[in-house]
Amino acid sequence: MSVSASQTRLLAPTSLCVDPGRIVALRGENGSGKTTLLRTLAGRTRPTSGTVTVGGVAPDERDPRFRRRVAALIGPPPLAPDLTVRDHIALVSSTWEETPDAVEAATRQVLEEFGLTALGTCFPHELSSGQTQLLSLALVFVRPFDVLLLDEPEQRLDPVRLALLADAMRTRRAAGATIIAATHSSSLAEATADLSVTLGETA
């Protein structure tokens, strides 16, 4: 597939097949098409040529079945100034879990997983940039998915927090999820990826 807009090529012809339970690191310079590829897989951008399937179906983010299977962190999520860290995570969890106990368990687990338990009562404006990135990650990791798309998830993370992210990615892979992460971090790619794909410059 490829993606162009107004005669500008955003993603050069690319072929990629990923088996379930694998982590793929998308590498490449800025402008090589990493984000465009993720947006296409998420159903937010249509390919100009070729076809895209995720789990055997064409991406359609309006389809609730597709939304349940595919989660994505592509750009920062919206944060409400009057909700705490825990409130944000519980709100997302409540969208997917069926009982209050399940919501509480999922919320507690992801707070611990990303080192956010002590920050649960903080509001977004009280967080550092690294803590805000951890919250963004927690909001996507708290929900169920078969496929996870991440765009530069390592942003603003120090080595300790990067290790938390790597652990979370490996845990989801062990549970059978497929993860495709666009990253500039060699350490994250080396710690998690089964396959590394480097995209070329677009013309």
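What you see is a predicted model, and the numbers here were worked out from it, not measured in a lab.
When all heavy atoms of T95 and L91 are compared, the pair lying nearest together is OG1-O, 3.2 Å. Nearest heavy atoms, S93 versus T107: CB-OG1, 3.8 Å. S4 and T48 get closest at one heavy-atom pair: N-OG1, 2.7 Å. When every heavy atom of V142 is checked against every heavy atom of A106, the shortest pair comes out as CG2-O, 3.6 Å. Taking all atoms of both residues into account, the shortest heavy-atom contact from H88 to A80 is NE2-N, 2.8 Å. Closest non-hydrogen pair, F66 versus L41, comes out as CZ-O, 3.5 Å.
In terms of hydrophobic clustering, with Ile, Leu, Val, Met, Phe, Trp and Tyr side chains grouped at heavy-atom distances under 4.5 Å, L26 and V140 are assigned to different clusters. Hydrophobic clustering places L199 together with V3 (ILVMFWY residues linked when any side-chain heavy atoms are closer than 4.5 Å, directly or through intermediates). The hydrophobic cluster containing V147 does not contain V92, counting ILVMFWY residues as joined when their side-chain heavy atoms lie under 4.5 angstrom apart, directly or transitively. Linking Ile, Leu, Val, Met, Phe, Trp and Tyr residues whenever their side-chain heavy atoms come within less than 4.5 Å leaves I179 and V52 in two separate clusters. Residues V54 and L195 share a hydrophobic cluster, clusters being chains of Ile/Leu/Val/Met/Phe/Trp/Tyr side chains in contact below 4.5 Å.
One finds the CG atom of L11 at 12.5 Å from the CZ atom of R39 (value rounded to the nearest 0.5 Å). Interatomic distance, E104 CD to T99 OG1, rounded to the nearest 0.5 Å: 10.5 Å. Between the CG atom of L157 and the CG atom of L164 there is a distance of 8.5 Å, given to the nearest 0.5 Å. Within the model, atoms CG of L137 and CD of Q155 stand 9.5 Å from one another, a figure rounded to the nearest 0.5 Å. Distance CG/L188 to CD/E154: 6.0 Å, rounded to 0.5 Å. In this structure, I89 CD1 and R143 CZ are separated by 15.0 Å, a value rounded to the nearest 0.5 Å.
Evaluated for a side chain to side chain contact (heavy atoms under 4.5 Å, CB included) with D151, the options L73, T183, L38 yield exactly one hit, L38. For the pairing with M1, the side chain to side chain contact (heavy atoms under 4.5 Å, CB included) check across L37, T51, L16 returns one residue only, L37.
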Residues R62, D60; criterion salt bridge (charged side-chain N to carboxylate O under 4.0 Å, His left out); working and verdict: CA-CA 5 Å; R62 296 186 65 84; D60 180 3; 5.7 Å; no

Criterion side chain to side chain contact (heavy atoms under 4.5 Å, CB included) on T40 and R46, from CA distance to verdict: CA-CA 6 Å; T40 304; R46 291 182 178 273; over 6 Å; no

Acceptor/donor pairs from residues 114-130 side chains to any protein atom, 3.5 angstrom cut, sequence neighbours excluded:
| residue | atom | partner | partner atom | Å |
| --- | --- | --- | --- | --- |
| E126 | OE1 | F123 | N | 2.8 |
| S128 | OG | Q131 | N | 3.2 |
| S128 | OG | Q131 | OE1 | 3.4 |

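No donor-acceptor pair closer than 3.5 Å links the side chain of K34 to the backbone N or O of R27. Proximity of a side-chain donor or acceptor of T178 to a complementary backbone N or O of G21 within less than 3.5 Å is detected. Side-chain atoms of R172 come within 3.5 Å of backbone atoms of F141 as a donor-acceptor pair (strictly under, hydrogens ignored). Formation of a donor-acceptor pair under 3.5 Å by the S136 side chain with backbone atoms of T132 is found in this model.
Within a 6.0 Å radius of CZ in R44, other residues, nucleotides and ligands contribute more than 12 heavy atoms.
For the pair S187/L162, a side-chain contact is recorded, criterion being any heavy-atom separation below 4.5 Å from C-beta on. Annotation: side chain of V24 is not in contact with side chain of D194 (no heavy-atom distance under 4.5 Å). Between V18 and I180 the shortest side-chain heavy-atom distance falls below 4.5 Å. At least one side-chain heavy atom of L79 sits under 4.5 Å from a side-chain heavy atom of L139. Using a 4.5 Å heavy-atom cutoff, the side chains of L165 and M169 are in contact. For the pair H184/N30, a side-chain contact is recorded, criterion being any heavy-atom separation below 4.5 Å from C-beta on. Two residues are said to be in side-chain contact when any heavy atoms from C-beta on lie closer than 4.5 Å; T14 and S2 fail this criterion.
Counting only residues at least two apart or on different chains, the side-chain hydrogen bond (donor to acceptor under 3.5 Å, both in side chains) pairs with a member in residues 157-168 are D167-R170. Sorted by first and then second residue, the side-chain hydrogen bond (donor to acceptor under 3.5 Å, both in side chains) pairs with a member in residues 67-76 read R69-D146; sequence neighbours excluded.
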